[in-house]
Amino acid sequence: MKILSFESSCDETAAAVLSFDDDGKATVLSNIVASQIAIHARYGGVVPEIAGRAHCEAISGITYRALDEAGVTMNDVDAVAVTAEPGLIGALLVAVNFAKSLAFSYNKKLIPVNHMRGHIAANYISNQDLKPPYLALIASGGHTSFVRVRDYRDMEVVGGTRDDAMGEAFDKVARVLGMPYPGGAAMDKLAYEGKPCIKFPSAAIRDGTLDLSFSGIKTAVLNYINSAEQKNEQVIRADVAASFVEAAVSSVIAKLGDALDRYPDVDKIVLAGGVAANSHLRAALGALAAKRHVGLYMPEIKYCGDNGAMIGAAAYYEYLAGNFADTSLNASAYADI
Ligand code: KG4
Ligand code: ZN
């Protein structure tokens, strides 16, 4: 069976066609992402109104491209899937209404998908042997959560950030260091050129929960830079980047260690979300998994950031469960997993 899937929750307009064999093995036939990064970069962040308009401009074109590249027409598609929650409401509504219209006019099943579940499901594309149960870490620009995934559709958030998301903290620190939005990937690279010689506070809240707070690290970086400038001391940007990355990654690793203590039955860790592309985080997770003798699964880099294929991958399990929407489907800005 084949699913045409859409994603427009933030600043990427994306469409993909996935084919599933009888065992549920996914093949990505096409995965088109139209990024709005260049449009938003001049504002230093995503402007919701502009994002919605840019999605409107891009969505028809990427749909033709996704079908073309997959070598299929709408007649070959069994279902249309779309991110319905959470995200920027004006952005979400574009793909939701486009998908609704397509499903209605071609008489196809319509499948609503939760964006975070999509990030997790990206792992089923990259790791065909992965099966629940496992513990997932979702780290993106909008979310940072630890999720116990009991089954493909049965999952529970057991901890996470109480303020800034990990990607958001990367982007804010990058901005202070003069990098264009979103600076997460640039910070990843710059950190290799410096030493983690500045002590920034941990984001791991020490209260027995699996919660994190990234706002403290971000403020500490700002204070460090301001105070150095006041004293006319030189700020070595690469050292700031290396020290921030060290503090952020070690905080998450510490909480993952706590999660493994709390849930001794967990034997697999799964990484998901845009920050899953971070090479320091991937390496640190590799070391943790080896030390704790648990499996580690990560998406290929191309499926870490927002994309349509991950939505199709999650939609497959909704399809099996018969979780379909009709044309009354609405988008929701706020939603748990
Ligand atoms: O999942 P995603 O594409 O969008 C949301 O759902 O938020 O995540 C985007 C976030 C941005 O904050 C971006 O800076 C961050 O992922 N990111 C990275 C890296 N690549 C993307 N952060 C750290 N290191 C990276 N290599
Ligand atoms: Zn995302």
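Numbers here simply count residues along the sequence, with the first being 1. For ligands, and for the atoms within them, numbers begin at 1 and follow the listed sequence.
- For the pair Lys100 and Thr327, the tightest heavy-atom approach, listed with the atom from each and the gap, is NZ-O, 3.0 Å.
- Near-neighbour remark for the Zn ion (ligand 2): protein N, O or S atoms under 2.8 Å are His115 NE2, His119 NE2, Asp306 OD1; waters not counted.
- Using a cutoff of 4.0 Å between basic side-chain nitrogens and carboxylate oxygens, Arg162 and Asp211 are scored as salt-bridged.
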Check ligand 1 for N or O atoms under 3.5 Å from a protein N or O and list each pair with its distance.
| residue | atom | partner | partner atom | Å |
| --- | --- | --- | --- | --- |
| ligand 1 | 1 (O) | His119 | NE2 | 3.0 |
| ligand 1 | 1 (O) | Gly274 | N | 3.0 |
| ligand 1 | 1 (O) | Asp306 | OD1 | 3.2 |
| ligand 1 | 3 (O) | Asp306 | N | 3.0 |
| ligand 1 | 3 (O) | Asp306 | OD1 | 3.3 |
| ligand 1 | 4 (O) | Asp306 | OD1 | 3.2 |
| ligand 1 | 4 (O) | Asp306 | OD2 | 3.2 |
| ligand 1 | 6 (O) | His115 | NE2 | 3.2 |
| ligand 1 | 6 (O) | Asp306 | OD1 | 3.3 |
| ligand 1 | 7 (O) | Gly141 | N | 2.8 |
| ligand 1 | 7 (O) | Gly142 | N | 3.2 |
| ligand 1 | 8 (O) | Gly141 | N | 3.4 |
| ligand 1 | 12 (O) | Gly167 | O | 3.2 |
| ligand 1 | 12 (O) | Asp171 | OD1 | 3.4 |
| ligand 1 | 12 (O) | Asp171 | OD2 | 2.6 |
| ligand 1 | 14 (O) | Asp171 | OD1 | 2.6 |
| ligand 1 | 14 (O) | Gly184 | N | 3.3 |
| ligand 1 | 24 (N) | Gly184 | O | 3.3 |
| ligand 1 | 24 (N) | Asn278 | ND2 | 2.9 |
| ligand 1 | 26 (N) | Asp188 | OD2 | 3.0 |

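- Residues satisfying the salt bridge (Lys or Arg N to Asp or Glu O under 4.0 Å) criterion with Asp21, sequence neighbours excluded, are absent altogether.
- Minimum interatomic distance between Thr13 and Ala54 (heavy atoms only, all atoms of both residues): OG1-O, 4.3 Å.
- Considering only residues two or more places apart in sequence or on other chains, Lys255 meets the salt bridge (Lys or Arg N to Asp or Glu O under 4.0 Å) condition with none of them.
- Remark: Arg148 qualifies as a cation-pi partner of Tyr263 under the 6.0 Å distance and 45° angle criteria applied to the six-membered ring.
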Item to complete: Take Val80 and Ile111 through the test side chain to side chain contact (heavy atoms under 4.5 Å, CB included) and record every step on the way to the result.
Response: CA-CA 6 Å; Val80 178; Ile111 306 174; over 6 Å; no
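- A donor atom on one side chain and an acceptor atom on the other are not found under 3.5 Å apart for His115 and Glu85.
- A donor-acceptor contact closer than 3.5 angstrom links the side chains of Asp306 and His119.
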